[in-house]
Amino acid sequence: MEVIVCNNYQEVSMKAANYVIKEIILNPETTLGLATGSTPIGLYQNLIDAYRNNLVSFEDVHTFNLDEYIGLPKDHPQSYYSFMYHNLFKHININLNNVNMPENESNNLDYLAKEYNNLLCNNTIDLQILGIGSNGHIGFNEPGTPLSNETFIVELDEQTRLDNSRFFMSIDEVPTHAITMGIKNIMRSKKIILIATGDSKKEALYKAVNGEINSSHPASILQLHPNCVVICDQEAGTLLEKKTL
Ligand code: GLP
């Protein structure tokens, strides 16, 4: 696990975007794994700028998103589909047929999870972008999730609902369930970059990088990935042990 501590959010966003840009320049048909949340917004802004400056084309890029809420229609402002569309897809030349997001509307949600999992198993993610929850979740793999899980329906942790309630009118509006790639899907990616910024992530990042590897802190599994880079700002990286830097 390589750890890069940057001065601030802007630098994290730029460094992370440069990894993605390099990946696309080397392989224009690359498959990206994408994350939502407030952390990657700056990264996506840098990708949009790179596209506008003719540095990259997304024409042949394929994407798979990590997760989606259950119970929010696609056009709900807080659905992850809306998030991706407004923060990235509508600003670049990606072919929306190459965009994959977990479906979330069916009487048989487990079937949807299976379908998305099949898609993931038939494709290889070249570069997966991850954020981290304050409780150590990646995607929506909450503490206690078996590390061998593939795509599944998860009941969201109270901490996650509380953290994400800032995007809703009240916590009651935050969905209770989501569909998410499992740890196993994430670990199959060829490369991973995890980005973390701000004081509220320092404990979670410390446990992910320096803590024991166990399912009570799902991000800790990334220590076992052969090609994982953590890019954080000084606030999020404040507890990291010197030997890892
Ligand atoms: C969300 C997403 C995660 C994201 C995390 C952190 O709930 N499911 O993929 O990494 O929470 O979000 P933020 O970047 O807003 O702190």
Side-chain angles (χ1 to χ4, degrees), residues 6 8-10 12-13 16-17 32-46 63-72 76-84 86-88 100-102 104 113 116 120 125 127-145 149 151-168 171 173-183 185-187 189 192-209 217-222 228-233 235-237:
C6 301
N8 51 41
Y9 179 76
Q10 285 70 22
V12 170
S13 302
L32 300 175
L34 300 178
T36 53
S38 34
T39 315
I41 290 177
L43 186 173
Y44 294 148
Q45 192 53 56
N46 280 292
T63 65
F64 283 89
N65 261 78
L66 280 168
D67 47 18
E68 178 59 283
Y69 287 120
I70 302 290
L72 299 187
H76 188 285
Q78 295 310 329
S79 78
Y80 284 166
Y81 183 86
S82 291
F83 175 96
M84 289 311 304
H86 293 292
N87 286 296
L88 183 64
N100 298 279
M101 306 233 5
N104 65 352
Y116 198 62
L120 288 166
I125 292 177
L127 177 62
Q128 174 68 55
I129 297 160
L130 292 178
I132 184 169
S134 65
N135 62 359
H137 75 216
I138 45 177
F140 268 135
N141 289 271
E142 299 286 27
T145 304
N149 261 20
T151 312
F152 69 110
I153 307 296
V154 60
E155 179 172 1
L156 298 176
D157 206 66
E158 271 317 292
Q159 184 60 50
T160 299
R161 295 187 66 236
L162 195 63
D163 288 348
N164 290 0
S165 64
R166 67 189 192 277
F167 300 113
F168 294 82
I171 190 164
E173 286 184 18
V174 183
T176 56
H177 290 75
I179 176 168
T180 182
M181 277 190 207
I183 297 285
N185 304 110
I186 294 171
M187 289 296 277
S189 318
I192 295 178
I193 46 178
L194 181 141
I195 51 176
T197 55
D199 188 67
S200 64
K201 298 293 173 70
K202 66 181 184 209
E203 306 271 357
L205 194 63
Y206 168 73
K207 288 187 190 165
V209 176
H217 201 78
S220 62
I221 190 76
L222 299 173
C228 176
V229 182
V230 171
I231 308 175
C232 65
D233 65 0
E235 285 182 324

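Read the numbers this way: they start at 1 and go in the same order the structure lists the ligands and their atoms.
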Legend entry - Ala35 N/O under 3.5 Å from ligand 1 N/O: no
Applying a heavy-atom cut-off of 4.0 Å, say which part of [X] lies close to ligand 1: side chain, backbone, both or neither.
X      : result
Ile138 : neither
Tyr80  : side chain
Asn164 : side chain
Met181 : neither

Any sub-3.5 Å donor-acceptor pair from [X]'s side-chain atoms to [Y]'s backbone N or O?
X      : Y      : answer
Asn149 : Ile183 : no
Glu68  : Ile179 : no
Gln78  : Phe167 : yes
Ser82  : His76  : yes

Show the atoms of ligand 1 that are less than 4.0 angstrom away from any heavy atom in [X].
X      : result
Thr39  : 13 (P), 14 (O), 16 (O)
His137 : 1 (C), 3 (C), 5 (C), 7 (O), 11 (O)
Lys201 : 6 (C), 13 (P), 14 (O), 16 (O)
Gly131 : 10 (O)

Legend entry - Any Leu34 side-chain heavy atom under 4.5 Å of Phe83 side chain: no
Inset, instruction - For residues Met101 and Met84, report the shortest heavy-atom separation together with the two atoms involved. - result: SD-CG, 3.9 Å
Return the residue, atom name and 0.1 Å-rounded distance of the protein heavy atom closest to [atom].
atom                    : result
atom 6 (C) of ligand 1  : Ile132 O, 3.5 Å
atom 12 (O) of ligand 1 : Gly37 CA, 3.9 Å
atom 3 (C) of ligand 1  : Gly139 O, 3.5 Å
atom 4 (C) of ligand 1  : Thr36 O, 3.8 Å

Legend entry - Greater than 12 external heavy atoms within 6.0 Å of Glu203's CD: no
Inset, instruction - Evaluate side-chain hydrogen bond (donor to acceptor under 3.5 Å, both in side chains) for Thr160 paired with Asn135, printing each intermediate quantity in order. - result: CA-CA 7 Å; Thr160 299; Asn135 62 359; 3.3 Å; yes
Inset, instruction - Describe, in one word, how the ring planes of Phe168 and Tyr69 are oriented to each other, choosing from parallel (under 30°), tilted (30 to 60°) and perpendicular (over 60°). - result: perpendicular
Legend entry - Among Ile41, Asp67, Leu156, closest by any non-hydrogen atom to atom 8 (N) of ligand 1: Asp67
